[in-house]
Amino acid sequence: MTHDEFKDKLFDILNETEVLPIADIETNDRKNEIKVILQDHTQFIITTIPYGRRYIMR
């Protein structure tokens with residue numbers, strides 16, 4: 001999975017959740033950030049960075 005695919009899936013999960021009271025989601029692809037704004041106006045920034053790859057040998 002590429003880093004961009006991971007960020008897209010993470011955004012989809014946050015966007016579709018009914019568990020968190022999310023009011024808005026803002027993305028900054030250049031900084032690899034997803035800003036989550038909750039209904040009580042608290043804000044969280046999720047930053048992602050690729051950290052190498054793991055290989056499974058058979």
Side-chain angles (χ1 to χ4, degrees):
M1 176 180 292
T2 67
H3 186 229
D4 287 331
E5 290 173 330
F6 178 80
K7 290 188 303 183
D8 290 343
K9 291 189 182 292
L10 181 59
F11 176 86
D12 291 342
I13 289 169
L14 290 170
N15 196 37
E16 294 172 4
T17 186
E18 298 292 328
V19 178
L20 294 171
I22 295 175
D24 195 16
I25 301 172
E26 299 174 5
T27 61
N28 186 333
D29 278 332
R30 206 169 346 143
K31 291 184 176 181
N32 295 321
E33 293 179 347
I34 299 174
K35 182 178 185 181
V36 179
I37 304 166
L38 300 180
Q39 291 175 354
D40 66 356
H41 304 288
T42 55
Q43 300 178 17
F44 299 91
I45 295 178
I46 301 168
T47 304
T48 63
I49 57 170
Y51 185 71
R53 297 200 165 137
R54 293 183 184 244
Y55 298 98
I56 298 175
M57 300 181 75
R58 295 178 190 204

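Because the structure is predicted, anything quoted here is derived from the model rather than measured.
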Chemist: Can you name the residues that form a side chain to side chain donor-acceptor pair (under 3.5 Å) with Glu33, not counting sequence neighbours?
Modeler: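 Scan of Glu33 (side chain to side chain donor-acceptor pair (under 3.5 Å), adjacent residues dropped) gives none.
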Chemist: Within the 4.5 Å heavy-atom criterion, are Ile22 and Ile37 side-chain neighbours or not?
Modeler: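 Result no, sub-4.5 Å side-chain heavy-atom pair not found.
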Chemist: Using a strict threshold of under 4.0 Å (side-chain N to carboxylate O), is an ion pair present between Asp4 and Lys7?
Modeler: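 Asp4 and Lys7: salt-bridged.
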Chemist: CG of Asp8 to OG1 of Thr2: how many Å apart, nearest 0.5 Å?
Modeler: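 So the CG of Asp8 and the OG1 of Thr2 are separated by 7.5 Å.
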Chemist: Kindly work out whether a path of hydrophobic side-chain contacts (I/L/V/M/F/W/Y, heavy atoms less than 4.5 Å apart) joins Leu10 to Ile45.
Modeler: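 Different clusters: Leu10 never reaches Ile45 through Ile, Leu, Val, Met, Phe, Trp or Tyr contacts under 4.5 Å.
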Chemist: Between Thr48 and Phe6, which heavy-atom pair has the shortest distance, and what is it?
Modeler: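 Shortest heavy-atom separation between Thr48 and Phe6 comes out as CG2-CE2, 4.1 Å.
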Chemist: Do Val36 and Leu20 make a side-chain contact, defined as non-hydrogen atoms from C-beta onward lying under 4.5 Å apart?
Modeler: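 The answer is no; the side chains never approach within 4.5 Å.
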Chemist: Please name the pair of heavy atoms, one in Phe11 and one in Ile34, separated by the smallest distance, quoted to 0.1 Å.
Modeler: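 For Phe11 and Ile34, the tightest heavy-atom pair comes out as N-CD1, 4.3 Å.
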Chemist: Check whether Thr27 reaches the backbone of Asp29 with its side chain - one donor and one acceptor, N or O, closer than 3.5 Å.
Modeler: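 It does not hold such a pair.
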Chemist: Give me the atom names and distance for the closest heavy-atom approach of Thr17 to Leu14.
Modeler: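 Closest heavy-atom pair between Thr17 and Leu14: CG2-O, 3.2 Å.
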